[in-house]
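Encoded as structure tokens, the structure appears first; notes follow it.
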Amino acid sequence: MLAFLVPVFILSMGMVHAHATESPTCTPLVPAEMDNATVDRLLGHWVYIMGASQYPPHVAEMKELKHATFTFFPGSHEDELNATEIMRLNETCVVRNTSKIHIFRHNSTLAHVEGQEVSMAELIHSDKDLFILKHFKDNHVGLSLSARTPEVTKEQLEEFEAQLRCHGFKLEEAFITSPKDACPAAGEEKGEGSTATAESQLG
Ligand SMILES: *[C@@H]1O[C@H](CO)[C@@H](O)[C@H](O)[C@H]1NC(C)=O
Ligand SMILES: *[C@@H]1O[C@H](CO)[C@@H](O)[C@H](O)[C@H]1NC(C)=O
Ligand SMILES: *[C@@H]1O[C@H](CO)[C@@H](O)[C@H](O)[C@H]1NC(C)=O
Ligand SMILES: *[C@@H]1O[C@H](CO)[C@@H](O)[C@H](O)[C@H]1NC(C)=O
Ligand SMILES: *[C@@H]1O[C@H](CO)[C@@H](O)[C@H](O)[C@H]1NC(C)=O
């Protein structure tokens with residue numbers, strides 16, 4: 001499973017009708033320029049916020065994925081990152097620390113490698129505190145939004161939702177995570193369940 005690719009949770013209805021009557025302004029997504037600064041910017045902790053995919057196996061994975069965070073570390077060379085992923089699949093928290101990200105600078109592509117499974121996504125130019133990917137699988141496209149924190153601004157959310165619509169997704173086809181499904185922090189697995197903090201809703 002590709003946590004950073006495609007996770008999560010049936011969309012709250014609030015978001016669905018919010019912009020239904022607006023025609024989206026389809027600003028083309030711009031691939032990030034993959035220099036050292038961009039690669040450095042990827043390091044550290046991210047929270048998966050929402051995503052959508054046309055690829056049925058990814059849609060199935062997203063349905064199970066209730067929450068995901070991931071951390072990128074420097075890998076064995078400058079175009080490789082190690083990744084640790086913590087995700088809640090259905091009810092169960094799972095930790096993966098064997099994934100790698102291969103960076104193809106010439107085409108702004110990140111390849112997520114976990115065991116035999118490889119998935120490709122283009123890194124999209126965005127605000128510094130966002131991590132936006134355009135996923136490719138055969139002829140299927142997906143989009144995902146992750147951020148440094150469990151919350152994004154209204155403007156960031158609306159911009160991403162507009163991109164979903166521009167890529168032919170209905171908002172109700174998007175999967176969104178909820179902070180209440182966060183897994184306990186490392187070392188707290190035997191604690192009292194969810195460590196939900198912020199109660200605020202994305203929608
Ligand atoms: C990018 O970083 C690598 C080491 O991580 C270094 O060898 C290389 O010179 C850097 N490139 C630029 C353009 O600074
Ligand atoms: C990255 O993972 C490799 C094993 O795949 C390991 O040898 C290396 O120490 C890891 N690097 C870091 C910084 O954890
Ligand atoms: C999650 O639940 C669904 C439906 O009950 C089930 O088909 C699937 O195998 C479960 N996935 C995991 C990883 O437990
Ligand atoms: C992954 O986690 C296991 C269990 O905590 C640990 O033994 C192993 O060294 C970790 N591997 C990496 C690459 O961090
Ligand atoms: C980017 O380049 C890599 C390596 O050349 C290739 O495998 C991958 O398919 C390319 N990605 C896209 C989106 O074209």
Side-chain angles (χ1 to χ4, degrees), residues 1-11 28-36 38-46 48 51-126 131-145 163 166-168 173 175-178 180-184 186-187 189 193-194:
M1 160 111 42
L2 320 155
F4 86 91
L5 298 180
V6 272
V8 216
F9 190 90
I10 302 296
L11 189 65
L29 292 176
V30 178
E33 191 192 329
M34 295 293 246
D35 54 17
N36 282 357
T38 302
V39 174
D40 286 347
R41 186 177 79 74
L42 298 179
L43 297 173
H45 185 72
W46 296 98
Y48 182 85
S53 177
Q54 300 171 341
Y55 183 60
H58 286 173
V59 175
E61 290 178 353
M62 285 192 279
K63 282 183 181 154
E64 296 177 358
L65 186 52
K66 311 302 186 203
H67 193 270
T69 61
F70 47 96
T71 307
F72 294 141
F73 304 94
S76 316
H77 58 83
E78 62 170 324
D79 287 333
E80 184 181 286
L81 303 177
N82 288 6
T84 299
E85 301 158 80
I86 301 175
M87 48 201 153
R88 187 183 293 278
L89 303 177
N90 294 333
E91 295 303 309
T92 309
C93 286
V94 175
V95 179
R96 301 243 164 91
N97 67 357
T98 54
S99 307
K100 298 214 174 298
I101 306 295
H102 296 291
I103 300 167
F104 299 103
R105 296 190 185 219
H106 68 279
N107 61 7
S108 304
T109 295
L110 303 180
H112 178 272
V113 182
E114 215 261 305
Q116 300 297 310
E117 203 174 351
V118 179
S119 27
M120 299 273 192
E122 186 174 54
L123 180 68
I124 301 303
H125 179 75
S126 69
F131 178 66
I132 297 176
L133 293 174
K134 182 173 180 180
H135 307 273
F136 299 95
K137 183 70 183 183
D138 305 331
N139 290 319
H140 303 285
V141 169
L143 288 177
S144 67
L145 170 67
Q163 285 297 342
C166 292
H167 285 79
E173 292 172 319
F175 292 83
I176 183 164
T177 56
S178 167
K180 75 177 167 52
D181 291 315
C183 291
E189 277 83 9
S194 163

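One is the number of the first residue; the rest follow in order along the sequence. Counting starts at 1 for both ligands and their atoms, following the listed order. Scope of the values below: all heavy atoms of this structure, side chains included, with no hydrogens, waters or symmetry mates.
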>> Once you restrict to heavy atoms under 4.0 Å, what part of E122 touches ligand 5? Side chain, backbone, both or neither.
In response: neither

>> A quick test of your reading: do over 12 heavy atoms of other residues, nucleotides or ligands sit less than 6.0 Å from CG of N90?
In response: yes

> What atoms of ligand 2 come closer than 4.0 angstrom to any heavy atom of N82?
Replying inline: 1 (C), 2 (O), 3 (C), 8 (C), 10 (C), 11 (N), 12 (C), 14 (O)

> Quick one: are H140 and S53 in side-chain contact, heavy atoms under 4.5 Å?
Replying inline: no

> For ligand 2, which atoms, with element, lie under 4.0 Å from some heavy atom of K100?
Replying inline: 1 (C), 2 (O), 3 (C), 4 (C), 5 (O)

>> Please work out, at 4.0 Å between heavy atoms, whether the side chain, the backbone, both, or neither of S76 comes within that distance of ligand 2.
In response: neither

> Is any side-chain heavy atom of L133 closer than 4.5 Å to a side-chain heavy atom of I124?
Replying inline: no

> Run the side chain to side chain contact (heavy atoms under 4.5 Å, CB included) check on L42 and L123 step by step: do they pass?
Replying inline: CA-CA 10 Å; L42 298 179; L123 180 68; 4.0 Å; yes

> For atom 7 (O) of ligand 5, which protein heavy atom lies nearest, and how many Å away is it?
Replying inline: M120 CE, 3.5 Å

> For ligand 2, which atoms sit closer than 4.0 Å to a heavy atom of P74?
Replying inline: 11 (N), 12 (C), 13 (C)

>> Tell me whether the rings of H102 and H77 are parallel (<30°), tilted (30 to 60°) or perpendicular (>60°).
In response: parallel

> What orientation do F104 and H106 show, parallel under 30°, tilted 30 to 60°, or perpendicular over 60°?
Replying inline: perpendicular

>> Starting from atom 13 (C) of ligand 5, what is the nearest protein heavy atom, named by residue and atom, and what distance separates them?
In response: T109 OG1, 3.7 Å

>> Apply side chain to side chain donor-acceptor pair (under 3.5 Å) to residues S144 and H135 and explain how you reach the verdict.
In response: CA-CA 8 Å; S144 67; H135 307 273; 2.8 Å; yes

> Considering only the protein, which heavy-atom contact is closest to atom 2 (O) of ligand 3, and what is its distance?
Replying inline: N90 ND2, 2.4 Å

>> Quick test: of every protein heavy atom, which one is nearest to atom 4 (C) of ligand 5, and how far off is it to 0.1 Å?
In response: F104 CD2, 3.6 Å

>> Distance check, rounded to the nearest 0.5 Å: R96 atom CZ versus M87 atom CE?
In response: 4.0 Å

>> Give me the residue, atom name and distance of the protein heavy atom closest to atom 8 (C) of ligand 3.
In response: E64 OE2, 3.3 Å

> Which atoms of ligand 5 are found less than 4.0 Å from any heavy atom of H106?
Replying inline: 1 (C), 2 (O), 4 (C), 5 (O)

> Please state which protein non-hydrogen atom is closest to atom 1 (C) of ligand 5 and give its distance, to 0.1 Å?
Replying inline: N107 ND2, 1.5 Å

